[in-house]
Amino acid sequence: MSVLRVGNASGFYGDRFSAMREMLTGGELDVLTGDYLAELTMLILGRDRLKDPEAGYARTFLRQLEECLGLARERGVRIVANAGGLNPAGLADAVRALADRLGIPARVAHVEGDDLGAAHPGALAAHAYLGGFGIAACLRAGADVVVTGRVTDAALVTGPAAAHFGWAPTEYDRLAGAVVAGHLLECGAQATGGNYAFFQDGDVRRPGFPLAELHTDGTSVITKHDGTGGFVDVGTVTAQLLYETGGARYAGPDVTARLDTVRLGQEGPDRVRVEGVRGEAPPPTLKVGLNRLGGFRNEVVFVLTGLDIEAKAALVRAQLEPALGKIADVRWELARTDRPDAATEETASALLRLVVRDADQQVVGRALSGAAIELALAGYPGFHVLAPPGKGAPYGVFEDVYVPHGAVDHVAVLHDGRRVTVAPPPAQDTRVLAQVPEPPLPQPLPPGPVRRAPLGLVAGARSGDKGGDANVGVWARTDDAWRWLAHELTADRFRELIPEARDLPVTRHQLPNLRALNFVVEGILGEGVAAQARFDPQAKALGEWLRARHLDIPESLL
């Protein structure tokens with residue numbers, strides 16, 4: 001059968017508004033996807049729904065469709081998006097109303113069954129990560145637009161691929177190939193040079209959005225529309241493949257993809273072939289993301305300028321100690337951004353950050369803000385803050401649990417109102433996850449002179465969050481650099497370079513086909529991004545910090 005061209009127009013709720021139009025007008029497409037959901041987004045939508053029961057979906061998607069629904073119909077492009085969030089039925093109704101108002105005969109379907117709030121009454125949102133076969137059922141029945149709630153990001157591609165090629169649920173290698181393609185598309189411009197370690201390799205001022213040319217055997221080519229910005233090469237694809245993943249087994253509700261089997265090859269300018277992906281039966285359980293309100297938080301950042309930075313920080317802490325005694329969680333961080341003999345006041349200053357959390361809003365609100373501001377004329381010399389503390393804002397907590405496939409009613413609601421149940425895989429067609437044995441290390445480089453230099457001169461990295469854990473994928477650009485990296489960057493060395501991880505479990509996974517290592521750091525993000533436990537709450541820059549650390553690197557690699 002023909003190649004299926006699947007594009008992406010959104011990597012998160014708030015991504016480039018014009019991307020949908022750009023993708024529809026920039027070249028050929030069969031399906032245009034949009035990923036609007038993340039752990040934090042589900043919490044935001046849950047809070048929206050508390051104020052308005054009719055809310056709970058990504059309203060931006062509707063505004064984009066107002067501009068682009070007619071264009072998609074003219075070009076025969078089907079649209080698949082998880083913008084339904086906590087209310088996919090409500091969004092489907094809103095899209096139908098929009099199509100009627102615009103006079104466009106669009107057939108709109110949706111997928112539901114992910115909402116498990118009834119089983120988790122203490123959660124603001126509780127949603128299972130569904131697979132792609134509900135989407136496939138909607139498309140096979142003729143839908144022009146399919147909206148979903150919480151499906152896996154890759155399901156936005158596996159669903160259209162299964163519908164187009166007629167794949168059965170047990171065609172694991174083909175499904176795994178589509179999962180990898182879906183993972184490469186899900187974050188939009190991150191596959192085309194956005195957030196890329198070696199961004200100076202091309203013009204990334206306005207990278208285009210990616211698309212995948214999928215084939216019936218599950219292989220694909222990752223590319224972008226001609227004339228758009230950014231670039232697609234083995235490096236940009238490797239970086240995105242490592243993003244928010246863990247070991248060799250990448251589990252999902254439809255299939256477990258073996259990331260250690262992925263082979264990448266530069267097929268031409270802005271074209272990377274993805275092949276060799278093997279798949280295994282999915283695990284017997286589905287992941288469920290739980291979002292709940294954890295309490296209230298407040299923060300204030302004191303600016304310490306000039307001399308005696310440590311003593312000034314100690315004075316602030318001593319002065320505020322009486323006001324902080326009743327608060328459940330108090331965290332101080334001193335960022336030494338100051339320089340000696342600085343040419344500007346800003347570069348002569350350090351930042352002392354105080355973050356507090358408690359179940360009582362009053363405790364972290366007025367009590368703290370009053371005590372902090374009262375120091376304005378009674379504190380360290382040069383006292384000022386970046387912004388006054390507020391009254392205390394609610395924060396969220398994310399955790400994941402697992403349920404059997406049969407605990408979820410996965411339903412495709414077709415454009416004509418018919419409801420099609422998506423059967424869970426039978427027990428014999430599932431496989432409990434287990435770690436893949438570590439592959440043998442490559443031959444080390446021969447001894448030679450070394451030079452103290454940043455890791456980033458020879459390796460790229462990309463990092464991200466999964467609940468309270470972070471992953472850091474590190475890859476080498478040459479075979480010799482891989483031979484050195486695989487021996488040098490052990491889990492213990494990672495802990496040395498990232499002091500925050502010294503007392504945390506760190507697991508290292510080897511992916512030799514990608515010349516890559518993937519590190520999973522458990523608990524570094526506390527209770528998840530919404531809890532804002534650290535300076536970089538989603539670990540987006542953790543990889544860049546690692547690249548900036550100095551090691552003894554063979555001169556032959558520099």
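One-based numbering along the sequence shown.
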State which residues pass salt bridge (Lys or Arg N to Asp or Glu O under 4.0 Å) with Asp429; sequence neighbours excluded, sorted by chain then number. none
Per-pair distances, 0.1 Å, donor-acceptor, side chain in residues 144-156, under 3.5 Å, sequence neighbours excluded:
unit_1: Asp144; atom_1: OD1; unit_2: Arg73; atom_2: NH1; d: 3.1
unit_1: Asp144; atom_1: OD1; unit_2: Arg107; atom_2: NH2; d: 3.3
unit_1: Asp144; atom_1: OD2; unit_2: Arg73; atom_2: NH1; d: 3.3
unit_1: Asp144; atom_1: OD2; unit_2: Arg107; atom_2: N; d: 2.8
unit_1: Asp144; atom_1: OD2; unit_2: Arg107; atom_2: NE; d: 3.2
unit_1: Arg150; atom_1: NH2; unit_2: Asp153; atom_2: OD1; d: 3.1
unit_1: Thr152; atom_1: OG1; unit_2: Ala155; atom_2: N; d: 3.2

Listed by chain and number, what are the ring-ring contact (aromatic ring centres under 6.0 Å, His included) partners of Phe296, not counting sequence neighbours? none
Distance only, no hydrogens: is a donor on one side chain within 3.5 Å (strictly under) of an acceptor on the other, for His215 and Glu213? no
Any pair counted as ring pair (Phe, Tyr, Trp, His ring centres under 6.0 Å), so long as it reaches residues 415-434, sequence neighbours left out: none
What residues form a salt bridge (Lys or Arg N to Asp or Glu O under 4.0 Å) with Glu280, not counting sequence neighbours? Arg249, Arg258, Arg431
Filter on side chain to side chain donor-acceptor pair (under 3.5 Å), then keep only pairs touching residues 282-291, sequence neighbours left out; what's left? none
No-hydrogen, no-angle side-chain donor-acceptor test under 3.5 Å, Asp492 and Thr490: no
Under 4.0 Å between a Lys/Arg side-chain N and an Asp/Glu carboxylate O for Asp115 and Arg49? yes
With sequence neighbours excluded, tell me which residues meet side-chain contact (heavy atoms from CB on, under 4.5 Å) with Pro440. none
What pairs meet the ring pair (Phe, Tyr, Trp, His ring centres under 6.0 Å) rule with one or both residues in residues 36-57, with sequence neighbours excluded? Tyr36-Phe61
Taking the side chain as everything from C-beta on, heavy atoms only, tell me whether Val521 gets closer than 4.5 Å to Ile524. yes
Show every side chain to side chain donor-acceptor pair (under 3.5 Å) that has at least one partner inside residues 123-134, sequence neighbours left out. Asp114-His127
Give every donor-acceptor pair under 3.5 Å between a side-chain atom in residues 395-413 and any protein atom, sequence neighbours left out.
unit_1: Tyr395; atom_1: OH; unit_2: Gly294; atom_2: O; d: 3.2
unit_1: His405; atom_1: NE2; unit_2: Pro283; atom_2: O; d: 2.9

For Val436 and Ala248, work out which heavy atoms get closest and say how close. CG2-CB, 3.8 Å
Arg297 bridged to Glu299 by N-O distance under 4.0 Å: yes
Just by distance, no angles: are the side chains of Asn82 and Asp35 close enough, under 3.5 Å, to form a donor-acceptor pair? yes
Show me the pairs that pass side chain to side chain donor-acceptor pair (under 3.5 Å) and involve residues 464-474, at least two apart or across chains. Asn471-Asn518
Would you give me the side-chain donor-acceptor pairs under 3.5 Å for residues 84-92, sequence neighbours excluded?
unit_1: Asn87; atom_1: OD1; unit_2: Gly90; atom_2: N; d: 2.9
unit_1: Asn87; atom_1: ND2; unit_2: Glu54; atom_2: O; d: 3.2
unit_1: Asn87; atom_1: ND2; unit_2: Ala55; atom_2: O; d: 3.3

Does a side-chain N-to-carboxylate-O contact under 4.0 Å join Asp173 and Arg278? yes
Leu504 versus Glu522: any side-chain heavy-atom pair under 4.5 Å? no
